[in-house]
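Below is one structure; the comments refer to it alone.
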Number of protein chains: 2
Amino acid sequence: MNTQDVILGLLCKEPRSGYDIKQHFEQYFSFFFDASYGTIYPTLTKMEGLELITKESIRQEGKPDKNVYTVTEKGKEHFREYLERAAEPELLRSDFLMHLYFGDMADPEAMNGIIRRALEEKKRMYDDLEDKYRKLDSVTGPYQKLCMELGLVQYKAFIVKLEEMLGKSGD
Amino acid sequence: MNTQDVILGLLCKEPRSGYDIKQHFEQYFSFFFDASYGTIYPTLTKMEGLELITKESIRQEGKPDKNVYTVTEKGKEHFREYLERAAEPELLRSDFLMHLYFGDMADPEAMNGIIRRALEEKKRMYDDLEDKYRKLDSVTGPYQKLCMELGLVQYKAFIVKLEEMLGKSGD
DNA sequence: TTACCCATGTAAAGGGTTACATGATTTT
DNA sequence: AAAATCATGTAACCCTTTACATGGGTAA
């Protein structure tokens, strides 16, 4: 899975601009995928060259022009191939867990702060995701909902465990 | 957090070779960090140049020579600075969740297979991690254990949710 | 008037993986 | 006889982020 596959998937649902794509990443994918404008725009140009998508410049009133991309038949076929491929193994990179792992080398006070901050951060992410979940429109399919539910239960488990940890060590 | 920081942390505990470091990554960090030999060896060379570590060649019987690296005072100081820095935000990249998100565009049979495989894979990872957890020696500090416990509860939450999903859709 | 939203793009640098190359010893 | 373990290293490539560049409209 790379940015190209994901963009292709979004454009299979409806035509979008690079800016719209980034918005969608932030709204719905933020907890398991992200890409910056520095990746999105060059990728769109590349995909146009490969004839996976076509560009149309739209003039807007009171806003800058936007380039709206539409997937081609070739692009749809590419995405179908992606969907059929076995999913790549999940990748997690957690600097918090690394800090925790080496916790005995740090000042206990500092570690406490790090754990507390991680907990606050996770709670914030949980609330954010829950908020997005509640705001899902009726058009949203069951699979999208399941995605978010999977995110929520994992966040929750993390939060519960961390709170249990902090509780045990007094405070 | 980059590979250099993590290597520094490990070498602060005891001198190790590149090979040993990779073993440790696989044993204890696999669920929240990894790096290949193609990163580890060049990084060690670079770190030696920066005088964060020193190299010693050890001749072994029946095995190839190994380069054992020891952290310097400068290296320890670097690692202390890393530990004091606020943890970077967690990064998850899940191709399974991406497949799931676009599930309505795929064949329902194929989706079922993808979900089943994801569940089996997670269960395998859970069992692996639990096995490592049970085998932890008495020397292992409480922080290392907490790391693994956090991994376990999140895996568990994912498994429970996925099984609930599969159960609901009959079969 | 400051800041944020909309909108697109480029260049440099960073950080990483995969594949290749080598080779002895031990286990199956 | 084959495969796994121990052990190190390089080169090519891939993908990505960050910082920079630009600029009009709108909300606080």
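Below, chain A is the first sequence line, B the second, and so on; all start at residue 1. Computed from a predicted model, the values in this text were never measured in an experiment. Hydrogens, waters and symmetry mates are skipped; everything else that's a heavy atom, side chains included, is used.
Residue B/T45 is out of contact with every strand shown, counting any heavy-atom pair closer than 4.0 Å.
Taking the side chain of B/Y41 as heavy atoms from C-beta on, and the options C/dG16, D/dT10, C/dA7, the nearest nucleotide is D/dT10. Among the nucleotides D/dA7, C/dT17, C/dC6, the one closest to any side-chain atom of B/S36 is C/dT17. Set against C/dC6, D/dT10, D/dT8, the side chain of A/P64 has C/dC6 as its closest nucleotide. Minimum atom distance to the side chain of B/N2 is reached by C/dG15, of the listed C/dG15, C/dG9, D/dA7. Here D/dG9 is the nucleotide among D/dG23, D/dT8, D/dG9 with the atom lying nearest to any side-chain atom of B/K55. Of the listed nucleotides (C/dA7, D/dA7, C/dG16), D/dA7 has the atom at the smallest distance from the side chain of B/Y19. Distance from the side chain of B/A35 is smallest to C/dT17 among D/dA7, C/dT10, C/dT17. Across C/dG16, C/dT8, D/dA7, the shortest atom-to-atom separation from the side chain of A/N67 is found for C/dT8. Distance from the side chain of A/T39 is smallest to D/dT17 among C/dG9, D/dT17, D/dT10.
Summarising the geometry, the separation between CD1 on B/I40 and P on C/dG16 is reported as 11 Å, rounded to the nearest angstrom. Across the protein-nucleic acid pair, B/R16 atom CZ and D/dA7 atom C1' stand 17 Å apart, rounded to whole Å. Protein atom OH of A/Y37 is 20 Å distant from nucleotide atom P of C/dA11, rounded to whole Å. The nearest whole Å value for the distance from the CG atom in A/L44 to the C1' atom in C/dT10 is 15 Å. Rounded to whole Å, atom P of D/dA7 lies 15 Å from atom CD of B/E56. At whole-Å resolution of the value, NZ in A/K46 and C1' in C/dG9 are 17 Å apart. Atom CD in B/E26 sits roughly 11 Å away from atom P in D/dC6 (whole-Å rounding). A/F25 places its CZ atom 16 Å from the P atom of C/dA7, with the value rounded to the nearest Å.
Between B/E90 and A/K122, at least one side-chain nitrogen of the basic residue sits less than 4.0 Å from a carboxylate oxygen of the acidic one, meeting the salt-bridge criterion. Residues B/R134 and B/D131 are paired through a salt bridge, judged by an N-O separation under 4.0 Å between the basic side chain and the carboxylate. Using a cut-off of 4.0 Å between Lys/Arg side-chain N and Asp/Glu carboxylate O, B/E121 and B/R124 are scored as salt-bridged. By the 4.0 Å N-to-carboxylate-O rule, B/E73 lies close enough to B/R80 to be salt-bridged with it.
The closest side-chain donor-acceptor pair between A/D95 and B/Y82 falls under 3.5 angstrom.
In this model, the phosphate group of D/dA7 is approached by a side-chain N or O of B/Q60 to a distance below 4.0 Å at OP1 or OP2. Under 4.0 angstrom from either OP1 or OP2 of C/dG16 there lies at least one side-chain N or O belonging to B/T3.
Judged by a 6.0 Å distance limit and a 45° cone about the ring axis, A/K132 is not positioned over the six-membered ring of A/Y28.
The residue among B/G38 and A/T43 whose nearest nucleotide of DNA chain D lies closer to the 5′ end is B/G38.
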